[in-house]
> 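Once you've had a glance at the structure underneath, I'll fire off some questions.
Quick caveat, the model's predicted, so the values are computed rather than measured.
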Amino acid sequence: MSEPISGPESVEPEKATNNKAVVPDLAVPSRRQLLMGGAVAASAIVSIRPALANTAASVLNCTIPVPDPSRSGNYIAPNGQMVPAGTPGAYPASGRTYTGEQVKQALRGRPLPGTSYEQNQAYLNYIRRLQSGQSGFTCFASLQMPR
């Protein structure tokens, strides 16, 4: 009689195949699979480009109210802060909205429509001070994104 041998050698051949660790198949992708992946990526780029163009156009058409409708009775100080109506040196709120394109051009030196030089500077300072949650903030933030 033979004694059982301890260790990995004692495993019978049928059981050895069942006890093997499962190793993932690390096969190299075929040329066809690579070409198909490239075609999918190219079609994604073709479909994303028009979407980006539409996004750029919508950014220029978004609006920024000056001031926020909830503070329309206040004036705008030269530094862009909202102050009580009648404050000396402050400008009455325009009560209108400006498009992203108008604001973008004003930030480059052109005046906002219907404003004097001083009003324009005060309104632009107001727009620069917009914070999250205020009307027009998202539009102004999108103007700041690099293209």
> Among all residues two or more places apart in sequence or in another chain, which pass the side-chain contact (heavy atoms from CB on, under 4.5 Å) test with Ser135?
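Checked Ser135 against side-chain contact (heavy atoms from CB on, under 4.5 Å); matches are Pro65, Asp68, Pro69.
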
> Can you list everything that forms a side-chain contact (heavy atoms from CB on, under 4.5 Å) with Arg110? Sequence neighbours excluded, please.
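So Arg110 forms a side-chain contact (heavy atoms from CB on, under 4.5 Å) with Gln105.
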
> If Ile, Leu, Val, Met, Phe, Trp and Tyr residues are connected whenever their side-chain heavy atoms lie under 4.5 Å apart, and connections chain through other members, are Met82 and Tyr75 in the same group?
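Shared cluster, no.
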
> If you take all heavy atoms of Gly100 and Cys139, which pair is closest and at what distance?
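So the minimum-distance heavy-atom pair works out to CA-SG, 4.1 Å.
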
> Could I get the full list of side-chain contact (heavy atoms from CB on, under 4.5 Å) partners for Thr87, not counting sequence neighbours?
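Residues passing side-chain contact (heavy atoms from CB on, under 4.5 Å) with Thr87: Val83, Pro84, Ala90.
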
> Calculate, to the nearest 0.5 Å, the distance between atoms CZ and OH belonging to Arg96 and Tyr123 respectively.
9.5 Å

> Looking only at heavy atoms, which two atoms of Pro113 and Gln102 are closest? And how far apart?
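It is CG-NE2, 3.3 Å.
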
> So which heavy atom on Pro78 is nearest to which on Tyr91, and how close?
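Of all heavy-atom pairs spanning Pro78 and Tyr91, the closest is CG-CE1, 4.4 Å.
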
> Given side chains that start at C-beta, do those of Thr97 and Val66 come closer than 4.5 Å, heavy atoms only?
no

> Could you check whether any side-chain heavy atom of Phe140 comes within less than 4.5 Å of a side-chain heavy atom of Leu107, counting everything from C-beta outward?
yes

> When you measure from the side chain of Gln121 to the backbone N and O of Glu118, does any donor-acceptor pair fall under 3.5 Å?
no

> Quick one: CZ on Phe137 to CD1 on Ile127, what's the gap to the nearest 0.5 Å?
13.5 Å

> Okay, side chain of Gln144, backbone of Ala141: is any donor-acceptor separation there less than 3.5 Å?
no

> Under a 3.5 Å distance rule, please check whether Thr99 uses its side chain to pair with a backbone N or O of Thr63 as donor and acceptor.
no

> Where is the tightest heavy-atom contact between Ala85 and Gly73, given as atom of each residue plus distance?
CB-O, 3.4 Å

> According to side-chain hydrogen bond (donor to acceptor under 3.5 Å, both in side chains), who are the partners of Arg128, at least two apart in sequence or on a separate chain?
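Partners of Arg128 by the side-chain hydrogen bond (donor to acceptor under 3.5 Å, both in side chains) criterion, ordered by chain and then number, come out as Asn125.
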
> Is there a side-chain contact between Pro111 and Gln119, using heavy atoms and a 4.5 Å cut-off?
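Heavy-atom side-chain distance check fails, nothing below 4.5 Å.
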
> Taking only residues two or more places apart in sequence or in another chain, which ones pass side-chain contact (heavy atoms from CB on, under 4.5 Å) with Asn79?
Ala77, Gln81

> Give the minimum heavy-atom separation between Ala106 and Asn120, together with the two atoms involved.
CB-OD1, 4.3 Å

> Measure the CG-OG distance between Leu112 and Ser94 for me, rounded to the nearest 0.5 Å.
8.0 Å

